[in-house]
Amino acid sequence: MKLAGRMGRLGTESAFEVLAKAKALEAQGREIVHLEIGEPDFDTPPHVIEAAQQALDKGFTHYVPAPGIPELRTSVADFLERTDRMRTTPDRVLITPGAKPIMFFTILALCEEGDEVLYPDPGFPMYASIAAFAGAKPVPIPLREENEFVIDPDELRSLVTDRTKLLILNSPHNPCGSASTPEQLQAIAEIAIEHDLVVLSDEVYWALRYDGRHHSVLDFDGMAERTVLLDGWSKTFAMTGWRLGFGVFPEPLVEPVTRLMINSVSCTSAFSQYAAIAALEGPWDDVDRMLEAFRERRDVIVSGLNAVPGVSCVEPGGAFYAFPNISELGQSAATLADRLLDEAGVACLPGTSFGEYGENHLRFSYANSVENIHHALDAFTALVS
């Protein structure tokens, strides 16, 4: 069977491949510390689960409007204003099964053959994969350790051409854990306005910020009309398996993206949308507890990595990833990641899973217990010493 040529442009997400290999080793009796997969290790808050159960009991098991139920779209708009992120109207909010469709639909709706998509590298691998699949040209924006893994506005400006259509931002950032400052974002906003760029702002880790208020390109005048906000429930509320995401779109994109939804997923499951309302409108205690746990784990893993000979690690400002520099160890990122799993029982990802500029780095997800993080650090130290 001959596949369509565009399938050769579609990448994958290495975390799931490493997870499968780690699970296979566990099935053989090996003990593995999982620091590869990017999801909270906490359970969904009980009041959210209860809301889903009540929705099922009430018969919410049928089709709903493609953009999402009106109650949830209103709840999202209210939540964004209540948390001081943006002011919008429910008609610009679209609910999707997970946040990845927001990436797909935005790129498919905007980008044609030869259009350029600027994206951070290292960065979430789906950005380049989806852009290439759609026929656009992915153009990496290097994130450099000496710049604390955030976009340098001057370097960004040098990469913009007359074919640049879309700029993808991600803060707090996967895999580096970096978080952009207001000054950087203001400069980026000015570039976007000057060159008439659409911005896709991936803010799924917005609540997992360790040093105060989350900052967004949407904080600046003129950006709401050219920015797609991507967010969801997976990271903030420990709801990865629920597959719930949302986008806030500029008005001209709402109808085209709704059509893409109708042609692909029809709608997001009805009962889960009532659970999503409960998450947004319910108590925040579980989120606060999760953030404090991640803060403690961050401090443990960063100090532990910096104590390993030949390893250095910048302190992450958000999310739950450490991105240590392993260049002095004399091994490629892929080789060392494989050795860590095979020889030390520690599953992680090479930085190159997130682009060519991720070489000489590893990504550790510290969404695991402090005890397991200590165990992984001991195993890592023993392997490279």
Side-chain angles (χ1 to χ4, degrees), residues 14-15 17-19 21-22 25 32-38 120-125 128 140-152 155 170-180 210-211 294-368 370-385:
S14 299
E17 296 177 346
V18 175
L19 175 64
K21 184 177 179 181
L25 290 173
I32 304 295
V33 178
H34 290 276
L35 303 181
E36 80 283 22
I37 199 71
D121 182 349
F124 188 51
I141 312 166
L143 302 187
R144 306 184 190 279
E145 187 169 358
E146 58 267 28
N147 201 34
E148 298 187 338
F149 296 116
V150 295
I151 290 175
D152 179 342
E155 188 162 21
N170 178 210
S171 179
H173 183 72
N174 174 21
C176 303
S178 49
S180 298
Y210 302 110
D211 58 354
F294 284 143
R295 186 192 306 274
E296 178 187 8
R297 297 168 184 185
R298 177 198 65 168
D299 294 345
V300 169
I301 198 167
V302 170
S303 62
L305 287 168
N306 281 319
V308 178
V311 177
S312 62
C313 185
V314 174
E315 182 177 81
F320 39 73
Y321 305 113
F323 201 63
N325 187 318
I326 50 108
S327 58
E328 293 185 16
L329 298 180
Q331 302 177 57
S332 72
T335 297
L336 185 54
D338 285 343
R339 291 190 62 206
L340 273 168
L341 180 57
D342 295 336
E343 301 175 34
V346 177
C348 70
L349 297 180
T352 45
S353 293
F354 303 91
E356 62 176 304
Y357 293 98
E359 184 58 274
N360 296 321
H361 293 82
L362 300 175
R363 191 198 79 171
F364 293 101
S365 167
Y366 49 87
N368 207 320
V370 169
E371 179 184 3
N372 283 338
I373 291 170
H374 278 300
H375 181 73
L377 288 167
D378 290 344
F380 185 22
T381 303
L383 179 69
V384 301
S385 297

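Note that the structure is a prediction, hence the values are computed from the model and not measured.
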Test side-chain hydrogen bond (donor to acceptor under 3.5 Å, both in side chains) applied to [X] - qualifying residues, sequence neighbours left out:
X: E356; answer: none
X: E359; answer: none
X: S332; answer: T335

>> What's the separation between atom OG in S178 and atom CG in N147, rounded to the nearest 0.5 Å?
In response: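 Rounded to the nearest 0.5 Å, the OG-CG separation comes out at 9.5 Å.
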
> CG/L19 to CD1/I32 distance, rounded to the nearest 0.5 angstrom?
Replying inline: 11.0 Å

Donor-acceptor pairs under 3.5 Å, side chain of residues 374-381 to any protein atom, not counting sequence neighbours: which ones?
from, atom 1, to, atom 2, distance (Å)
T381, OG1, L377, O, 2.8

Side-chain heavy-atom pair [X], [Y] within 4.5 angstrom cut-off:
X: L143; Y: I151; value: yes
X: P125; Y: S14; value: no
X: L362; Y: L340; value: yes
X: V346; Y: F364; value: yes
X: R297; Y: N372; value: no

If I compare all heavy atoms of [X] with all of [Y], which pair ends up nearest, and what's the gap?
X: V300; Y: S303; result: O-OG, 3.1 Å
X: A333; Y: N360; result: CB-N, 4.1 Å
X: A347; Y: V18; result: CB-CG1, 4.3 Å

> Under the ring pair (Phe, Tyr, Trp, His ring centres under 6.0 Å) rule, what pairs show up with a residue in residues 296-316, not counting sequence neighbours?
Replying inline: none

For residues 315-329, run the donor-acceptor check on the side chains, cut-off 3.5 Å, and write out each pair with its distance to 0.1 Å, sequence neighbours left out.
from, atom 1, to, atom 2, distance (Å)
Y321, OH, Y205, OH, 2.6
N325, OD1, S327, N, 2.9
N325, OD1, S327, OG, 2.7
N325, ND2, E145, OE1, 2.8

> For the residue pair H173 and F354, is the inter-centroid distance of their aromatic rings smaller than 6.0 Å?
Replying inline: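 Ring centres of F354 and H173 not closer than 6.0 Å.
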
>> Could you go through L341 and K21, starting from their C-alpha distance and side-chain angles, then the distance that decides it, and tell me whether this counts as side chain to side chain contact (heavy atoms under 4.5 Å, CB included)?
In response: CA-CA 9 Å; L341 180 57; K21 184 177 179 181; 3.7 Å; yes

